[in-house]
Amino acid sequence: MVSEPLVWAILLLPVLSFLIISLVIRPFLNRIPALSGWLLIGCLLAALALSLMTLWAAAGHHVPEFRQHAWLSVGSATIAFGLLVDPLTAVMLVVVTAVSLLVQVYSQGYMKGDPSYSRYYAYMSLFTAAMLGLLLASNIVQLYMFWELVGLASYLLIGFWHHRPAAAAAAKKAFIMTRIGDVGFLIAILYLFFQSDKFAAAGLNAFHIPDIWQAAQPLAAGGAILGGAALTWVVLGIFAGAAGKSAQFPLHAWLPDAMEGPTPVSALIHAATMVAAGVFLVARFYPLFLASSAALTVVALIGAFTAFLAATMGLVMNDIKRVLAYSTVSQLGYMMAALGMGAYSAALFHLFTHAFFKALLFLAAGSVNHAVDTFNMTYMGGLRRHMPWTYVLTIIGGLSLVGIIPLAGFWSKDEILSGVWGSSELVAPWVGRLTFLLLAVSVLLTAFYTLRLVILTFHGQFRGGGEKEREEAGVVAPAPVSAHAADSHHSAAQPAGHGGGHHLAESPMVMLLPMLVLGVGTVAAGYVANPQWVHSLLGIPGHWITEFFHLGLEEALSGREAHLAVPEFSLGMAAASTLIALAGLALAAALYRGRGAETRKDPLERGGPVYVLLNRRYLVDVLYENVLTGRVFYRAVAGALDWLDRNLVDGLVNLTGLVFRNAGRPLGLLQTGQVQFYAVALTLGSLLVLLGYLVLR
Amino acid sequence: MGLEFPGLLTATVFLPAAGALAVLALGRNDRTARLLAALVALADLALAVLVFAGFDRGDGAARFQMVDRFTWFSAQTLEASYILGVDGLSAPLVLLTGLLGLCAVLASWHITLRVREHYMWLLLLQTAVMGVFTSLDLLLFFLFWEVELLPMYMLIATWGGGRRQYSAMKFLVFTILGSAFMLVAIVAIFVSPDVGTFDMTRLLAPGSGLSQAALALPLSALFWLFFLAFAIKLPTWPLHTWLPDAHTDAPTAGSVMLAGVLLKMGGYGLLRINLGMFPDQTRQFAWILIALGVISVLYGAVVTLRQTDLKRLVAYSSVSHMGLVLVGVASVNVAQGQLTAAGLNGAAMQLFTHGTVTGLLFLAVGLIYDKAHTRYIPDLGGLAGRMPLVTIAFLVAGLASLGLPGLSGFVSELLVFLGAFRAFPWATALAVLGIILAAGYVLWMAERTLFGPGRERFAHLTDASAVEAIPLVLLMASILAVGLYPAMLTGVFQAGLAPVVAALNGG
């Protein structure tokens, strides 16, 4: 079965791909760039197979003991790297390798002809490797390192077309904003080491994750190592890191901008890697969260609020990828809210199903872009006739996002709602009620924006595509001067003939195939992974995935009961949420169906100031970038310090210099160069010394 | 390794000086001078590698190794000697000096003004710095410390740009001011009747007598006199203003040596003399050190954000990063027996990593300046498409500087934070905010300089040539190696700091 080297290989295969692409293929074999794509696909195929083996072993409790490998040992700070495979890791390994594999196959078509094709695959290898490393880490420092590398890889990929200023700026914004959260995570690690002597006394290592779980449990000899307010702060620090990566309010603003990266990157970021990392982190340290009701309250409220806030912004976006981006932020809010309310396995189940349908939706958006050369939905329309496959798959992904039976999203969203509804005594009752309310309203909003997206893109009349958009913006269609200029708007992958409205066509097979596979997952993954009402389905026992996650949590709690009910499927809840969703769909259909062919005006614009506020994203970006960073910090604070530095600190230095230089001048006058003067001075001086000697003797 | 030989350290220190004379005497044309200087620097790097690899980090090994010693003069109770030796603290810094010395020589390949002299000063500088790191006699230490000034002054004043005379003088005056304080302290130790020696192997030994002896000045006064000298060199806020000027106007090789190794003399002095000879005072005044450290980290980073000249920007980021050395040293402020070596090791390691990282940054900036003829950030942009290797080097150094795991900067920062948090949790948490600011200025600089649309007037720019590429690759390799496998350095540093940690932990 699986042995330690095989599990390491899951991580090392994409690392190997990264090294070979960046050290061999890119410098020496850049004329045959296809090599890099196939290399990564091959590595990921093998990694997927190994991940499936690992999942099989974890499901059957055959995970071997893993060794610790010393990395750094200074004084009492001993950091050892190792593997940690629990149900959470095992499932996520499969999700990450599978989604990444499909995205890479799709990229073969999408990125075709890009001059930086092999650089793209090098970054993709790094991204996947960092995410896998994060999942497998058994040490909190090890986890933090891969966590930061995920940030680096996303920085490189969001800014992949670095000659575009918007891409470079978005990449920077993503990195810095997530780093603000990372400070909390790092300080939590520092605090753990602060308590390392207590850990050591109990025979634990302050950096070893299972030991950290232990430390939050009461010891035989009394209280826990981590407890009280300190524990709450540690947990909130970890959550700050998670909120940054998972784009939770108030650190959500980077994610929509991250759409500047190539679309397959967005699919990977939104489905399986970067944003999933935040939810994973909270789940990874869930035993600590369970010990702090205050922290759970924060997690629940921020999650629910984010779910609602992002959904409202999703209503009015005209960029298809931005709608999807806000829907991701919103869905991550669902997961966080569920974690905060104790619905641990429901949250992870949703993470699992979301990976399929969100990847599908992004790849579909990329497929649309491939045909119309824009992401702006006001210039789309009527595409269902030209792109039937993309249309059907978008419908499937969209309805899964909305939560329509029997698609994957239905099952997991329903578990979240049931879990939040019937929530435990972990948090105050009002928190539970408020959370549920926000999530329920968000179901309505989700249904609305999803159908709006489908209608604007695929129904009605075609409104001209990217060509028309540029024409109206007064930009002459770019004559490809150089490789860099060719992808003036989106990607160099657009051969000239593909862009215009006259060539609306379905995407090539290499792009459709991964979408089809994800479509199958979107249809089936919810029920098959977690069968309801039956004893077993295809050999998978009923409630398999939720029970599996729950079991992992109980093991982390060292056998103690989690006191968390695995939510049962509730028919009433399913009916209620379906009704809400249908109401949202109906509303969207009423507003957007049957509008005039050339109408671009959004019916929502009648909302006036509310529309503007939503469209300007509640002015949060303006607040962050222009007011807080620009004015307050950069101009006022940094400007003042810079001025002080030049004028006061350095001014004092120069002043001192000036004083001494000028102080020397009167003395310099004495240096007349006349021997007579020196002789007189010498004599007088000697007399003075003699006199002094006589007087003082 | 077993390849080390008697006199190895003496050879390591004086080979560059001999090389300097050889360049003067034999460098008939510029090309010969360059090649000769490169050969000497390469040979010295080889010697430095021997020193580092030959250092025995085992448990029972002697504290100071490869000692070269002879007595210079000895009166009844007074004694001054020539003593060179390395311990775990200095061995990595010798390696660093050798590495950056070679990089500096290669980085000045394109210089055409008074080539022989340029290399003479550069090699003399290397001898002086090597001497500072290996001297185990206070007087000798002071001599090397002073000798370093002249070459650096000449490099800035002759081969620099901008207000080079002003900057060179500022550098000189600041450092001499610090040296004056240090000289007072050294003399005070020497004339104290119960000490009467410059021998640091004795002064550093536990129970050296330095603590009990009737000293000419109180111990805390000595602590501060030394501290001032090192704080200027480090530099710490508010004594830092010479640094941006000196860097901006220095030639690339000067900047590389200045940021890479000269600042490290300040950090080395803090660890070797302030901490080593006055551990109790270090603990007593740790709150001042952490305050200065945190201010330097944050203030330096905030001011960095405002810079529009690439070199000034990197210079201010150095103020921020060297502040971490103070933060790390302040980690000693814990109860006896509670001290973990993490903070001190982090501080020592920060010296090494900042040396390679900032050295690399200055090399990259220098290449950009040489080719684009501007360092003014708003005029730059889109260089990534023209200069891929320089871009990669710039990004690797920048990412290491913002503490990205897998690169060397992360390890030293992590250790500093881990250690200091145990002593001053709140202040350290403030210092951690520096990693956001660092991300801000590094990425902002990268965005404005490297990314964005390619500019017409940079269309002719070429990437680094082979000679220019060697130092970039060397330093990138070292940054990656230390980042991935830090134990190769921490093992050595730990051996060097163990006696101090033991002393502070009460035996």
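Just so it is clear, the model here is predicted, and its values are computed rather than measured. Just so we're on the same page: letters track the sequence lines, and every chain starts at 1.
- For the ring pair (Phe, Tyr, Trp, His ring centres under 6.0 Å) with A:F194, the qualifying choice from B:F424, B:F417, B:F421 is B:F421, the only one to do so.
- In summary, the aromatic rings of A:H208 and A:F199 are positioned with their centroids too far apart to meet the 6.0 Å limit.
- The contact between B:V411 and chain A is made entirely by side chain atoms (from C-beta outward), counting heavy-atom distances below 4.5 Å.
- For a residue to count as touching a neighbouring chain, one of its non-hydrogen atoms must lie under 4.5 Å from one of that chain's; by this rule A:L192 does not touch chain B.
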| request: Quick one: do A:W161 and A:D114 satisfy side chain to side chain donor-acceptor pair (under 3.5 Å)? Show the steps, please. | output: CA-CA 10 Å; A:W161 288 313; A:D114 192 290; 3.0 Å; yes

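- With a 4.5 Å cut-off on non-hydrogen atoms, B:A446 touches chain A through its side chain but not through its backbone.
- Proximity to chain B is absent for every atom of A:F81, based on heavy atoms less than 4.5 angstrom apart.
- Interface remark: A:A166 contributes no atoms to any contact with chain B (heavy atom separation under 4.5 Å).
- Contact tally against chain B (heavy-atom pairs below 4.5 Å) for A:V183, A:V141, A:D182, A:L644: the top residue is A:V183.
- For B:L437, the part lying under 4.5 angstrom from a heavy atom of chain A is the side chain only.
- Proximity to chain A involves both the backbone and the side chain of B:P453, based on heavy atoms less than 4.5 angstrom apart.
- Under the 4.0 Å criterion applied to side-chain N and carboxylate O atoms, B:R306 and A:D645 are not assigned as salt-bridge partners.
- With a 4.5 Å cut-off on non-hydrogen atoms, A:L72 touches chain B through its side chain but not through its backbone.
- Neither the backbone nor the side chain of B:F493 has a heavy atom closer than 4.5 Å to any heavy atom of chain A.
- Most heavy-atom pairs under 4.5 Å with chain A: of the set B:V303, B:I435, B:L305, this distinction falls to B:I435.
- A:I180 touches chain B through backbone and side chain together, each having a heavy atom under 4.5 Å away.
- Proximity to chain B involves both the backbone and the side chain of A:Y191, based on heavy atoms less than 4.5 angstrom apart.
- Using cut-offs of 30° and 60° for the angle between ring planes, the A:Y144 and B:F410 rings count as parallel.
- In this structure, no portion of B:L497 lies under 4.5 Å from any heavy atom of chain A.
- With B:F458 as the aromatic partner, B:R455 does not meet the cation-pi criteria of under 6.0 angstrom to the ring centre and within 45 degrees of the ring axis.
- Taking a 6.0 Å sphere around CH2 of B:W444, one finds it holds more than 12 heavy atoms contributed by other residues, nucleotides or ligands.
- In terms of non-hydrogen atom pairs under 4.5 Å with chain A, the most contact-rich of B:V432, B:L339, B:L418 is B:L418.
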